[in-house]
Amino acid sequence: MNRTSNDKKKYSVLVSIANKKYLPDPEGETILKDLILKGGYDEVEAVRCKKTINMLVRSRTEEQARKLVLRICTELRLFNPVVSKCVVTVTSSLKS
């Protein structure tokens, strides 16, 4: 019996990637100007967009799952650290 796979749980992990706050967000600005404000919703002052990625991973602990996904995002360049901020959050633990 392969003990390593039995020792691991499944974790649902959410990755959020957004432009750093000091950089413009052209997509958010377009949504604000061309949709929201033109639609008459002048209460909205700003819109920022981000990309989300959901991953289901096997790991022994929640912290190891978070670190694994962050390493994947960094090594595989799923985001550009110069212009983007990447936040990795474990959202749930699932039974294997």
Query raised in the report: Linking Ile, Leu, Val, Met, Phe, Trp and Tyr by side-chain heavy atoms under 4.5 Å, what else ends up with Leu14?
Result: none
Please report, to 0.1 Å, the donor-acceptor pairs under 3.5 Å made by any side chain of residues 33-49, with sequence neighbours excluded.
| residue | atom | partner | partner atom | Å |
| --- | --- | --- | --- | --- |
| Arg48 | NH1 | Leu23 | O | 3.0 |
| Arg48 | NH2 | Asn19 | O | 3.3 |
| Arg48 | NH2 | Lys20 | O | 3.0 |
| Arg48 | NH2 | Leu23 | O | 3.2 |

Query raised in the report: Tell me the side chain to side chain donor-acceptor pair (under 3.5 Å) pairs involving residues 69-92, sequence neighbours left out?
Result: Ser12-Thr91
Query raised in the report: Does a sphere of radius 6.0 Å around CD in Glu29 hold more than 12 heavy atoms from other residues, nucleotides or ligands, not counting ones at 6.0 Å or beyond?
Result: yes
**Report entry** Set of side-chain hydrogen bond (donor to acceptor under 3.5 Å, both in side chains) partners for Glu63, sequence neighbours left out
**Finding:** Arg66
Query - Heavy-atom closest pair, residues Ala65 and Ser59 - result: N-OG, 3.2 Å
Query raised in the report: Got Ser93 and Glu62 here, is their nearest side-chain heavy-atom distance under 4.5 Å?
Result: no
Report summary line: Cluster membership besides Val57, Ile/Leu/Val/Met/Phe/Trp/Tyr side chains within less than 4.5 angstrom, sorted by chain and number, is Tyr11, Val13, Val15, Ile17, Ile53, Met55, Leu68, Val69, Leu70, Ile72, Leu76, Leu78, Phe79, Val88, Val90
Report task. Could you grab the distance from atom CG of Asp25 to atom CD1 of Ile31, nearest 0.5 Å is fine? Result -> 8.0 Å
